[in-house]
Number of protein chains: 2
Amino acid sequence: MKRGRKPTIDAADITRAAIAIADAEGLAAVSMARVAQEMGNATMALYRHVKSKDELLTLMGDAAFDDPPPLPDGEWRDKLEVWAKELLKGVRKRPWFLQIPMSGPPTGPRSLAWFDSALGALEGTPLEAEEKVGVVMGLLTFVHGEAWLNVALTKGFEDDPARFSRQYGQRLREIVDPRRMPALAKIVAAGVFDMDDLFDADDVAAEFDFGLHLFLEGVATHIGGRS
Amino acid sequence: MKRGRKPTIDAADITRAAIAIADAEGLAAVSMARVAQEMGNATMALYRHVKSKDELLTLMGDAAFDDPPPLPDGEWRDKLEVWAKELLKGVRKRPWFLQIPMSGPPTGPRSLAWFDSALGALEGTPLEAEEKVGVVMGLLTFVHGEAWLNVALTKGFEDDPARFSRQYGQRLREIVDPRRMPALAKIVAAGVFDMDDLFDADDVAAEFDFGLHLFLEGVATHIGGRS
DNA sequence: AGGTTTTGCGTATGAGGTACGCATAAAGGG
DNA sequence: CCCTTTATGCGTACCTCATACGCAAAACCT
């Protein structure tokens with residue numbers, strides 16, 4: 001048997017508690033003291049199971065996602081589309097994921113499972129192994145960037161709704177000098193930034209779909225040139 | 001004339017000093033006390049020119065980039081490629097940019113200038129205004145995601161070189177269960193993750209080029225279906 | 001010169017991360 | 001059943017930070 005006093009909590013418990021706090025109040029609210037309090041333990045008790053706060057953040061990152069969803073039967077394209085959308089959904093569910101500093105390639109089981117899922121979608125294609133990895137990394141990258149942008153915009157909107165929405169187009173009209181930035185000025189004048197719902201869910205989704213569509217289109221062309 | 005004591009420093013000075021520190025030692029080393037010390041002032045003196053540290057970070061973000069580069073004459077595609085690569089170069093030069101929390105759409109002059117530059121590249125195309133914005137946002141998003149990935153990987157590599165490089169492929173071989181993750185297992189077995197220089201500059205650049213190529217390919221196809 | 005205004009900054013407060021060491025509990029050996 | 005071994009729980013203390021507050025110093029105005 002194991003000697004010594006029995007642990008009353010473990011790293012997974014701590015991670016869960018930390019995630020609950022982050023979900024409810026953002027990553028900034030996650031402090032060692034707060035997590036401990038939420039669990040009914042003393043602050044320093046956590047350090048028996050977690051080397052540092054950094055390590056806790058890494059654990060949170062690993063645990064932030066659900067398992068990858070089952071992909072539909074059919075073409076690689078439909079599969080990857082579903083995959084990317086689900087991934088984005090996951091990041092949106094836990095926006096604080098974007099704030100945790102990662103270092104090194106992923107080794108967490110969840111991350112790897114998602115990676116595998118996307119690679120599986122490309123199984124039937126004539127792409128080389130390296131190319132498959134490239135496609136998936138590109139997609140990952142794209143989703144991450146999109147989520148980052150969305151979260152940033154959404155956050156600003158929540159902080160101060162009056163300042164954005166319709167105001168943004170107006171603001172740009174004041175700032176943008178048509179002589180120095182002719183192309184932007186034209187777009188601004190066309191009213192592209194004037195809608196009230198510039199950053200609402202539907203619009204953001206459409207934006208993402210468009211970019212995703214372009215990327216997958218590119219993959220399709222690449223595959224076409226191969227076979 | 002202006003009344004009152006003359007300011008000995010201004011927000012731009014503070015921003016410059018903060019950026020110098022971030023460049024040399026990372027964003028974590030930027031504290032109000034440290035910035036003040038570096039400038040030969042007292043800590044609280046900074047608060048006369050900057051409302052809070054958050055505001056300082058925003059200013060740093062605005063000032064992190066150079067002006068957008070001149071784009072080559074020719075096709076939109078070549079222009080956007082240069083644009084994206086230069087943008088990535090900019091982020092790589094100041095990796096801490098990725099760590100500063102943004103909220104709301106950009107209003108800084110530098111950000112807008114880059115935006116304008118990319119829109120200008122699409123001037124000759126038959127795309128709608130909204131579509132142009134979509135393409136540029138997609139590209140931005142992609143570059144951001146790519147930079148994030150690169151920085152994360154590079155950081156892990158610098159922290160502990162032995163743990164990655166060739167080790168990574170080996171490590172994956174141990175972790176990845178072929179039954180649960182067949183597609184990944186196949187790629188790992190193919191040795192895609194075994195190179196020593198997995199995360200060096202050339203490789204990373206090639207990775208980016210590939211994704212960028214795919215995206216631009218998608219844009220081209222989209223334009224083709226339009227004219 | 002005296003009043004006014006704006007900047008410089010010393011002090012103090014409160015929050016957060018974590019090193020250290022002792023108290024405490026659980027097992028094993030006699 | 002007591003004592004040793006070993007691992008956990010956690011109180012105390014220290015250090016770093018951001019920042020509110022208020023006074024003193026400097027520059028302008030009349």
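Order of the sequence lines sets the chain letters (A, B, ...), proteins ahead of strands, with each chain counted from 1.
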Round to a whole Å and report the spacing from [atom1] of [X] to [atom2] of [N].
X     : N      : atom1 : atom2 : value
A:L46 : D:dG11 : CG    : C1'   : 14 Å
A:R5  : D:dG9  : CZ    : C1'   : 5 Å
A:Y47 : C:dC20 : OH    : C1'   : 13 Å
A:D13 : D:dG9  : CG    : C1'   : 15 Å
B:L56 : D:dT19 : CG    : P     : 10 Å
B:R34 : D:dA18 : CZ    : P     : 12 Å

ask   = For the side chain of A:H49 and the backbone of A:I14, is there at least one donor-acceptor N/O pair under 3.5 Å apart?
value = no
query = Just to confirm, is there a sub-4.0 Å distance from OP1 or OP2 of C:dG8 to any side-chain nitrogen or oxygen of B:N41?
reply = no
message = Please tell me if A:K6 has a side-chain N or O lying less than 4.0 Å from either OP1 or OP2 of C:dA27.
response = yes
request  = To the nearest 0.5 angstrom, please state how far the OG atom of B:S117 sits from the CD atom of B:E86.
outcome  = 10.0 Å
message = So, taking the atom named NZ in B:K53 and the one named CE in B:M60, what distance separates them when rounded to the nearest 0.5 Å?
response = 8.5 Å
key: Nucleotide of D:dA18, C:dT18, D:dC10 approaching A:A42 most closely (side-chain heavy atoms)   = D:dC10
inquiry  = Checking contacts here: which listed nucleotide (C:dA26, C:dT18, D:dC10) is nearest the side-chain heavy atoms of A:K53?
reply    = C:dT18
query = On DNA chain D, nearest-nucleotide positions of B:M44 versus B:G4: which is more 5'?
reply = B:M44
Most 5' of A:A29 and A:K51 on DNA chain C, judged by nearest nucleotide = A:A29
request  = Would you mind checking if B:R173 and B:D194 are paired as a salt bridge, meaning a charged N to carboxylate O distance below 4.0 Å?
outcome  = yes
request  = Run the salt-bridge test on A:R180 and B:D116 with the 4.0 Å N-O cut-off and return the result as yes or no.
outcome  = no
Using a 4.0 Å heavy-atom cut-off across all strands, classify [X] as base, sugar-phosphate, or nothing.
X     : result
B:M32 : sugar-phosphate
B:S52 : sugar-phosphate
A:T8  : sugar-phosphate

key: Side chain A:R48 and base D:dG9 donor-acceptor under 3.5 Å   = yes
ask   = Less than 3.5 Å between a donor and an acceptor, one on the side chain of A:R3 and one on the base of C:dG28, is that the case here?
value = no
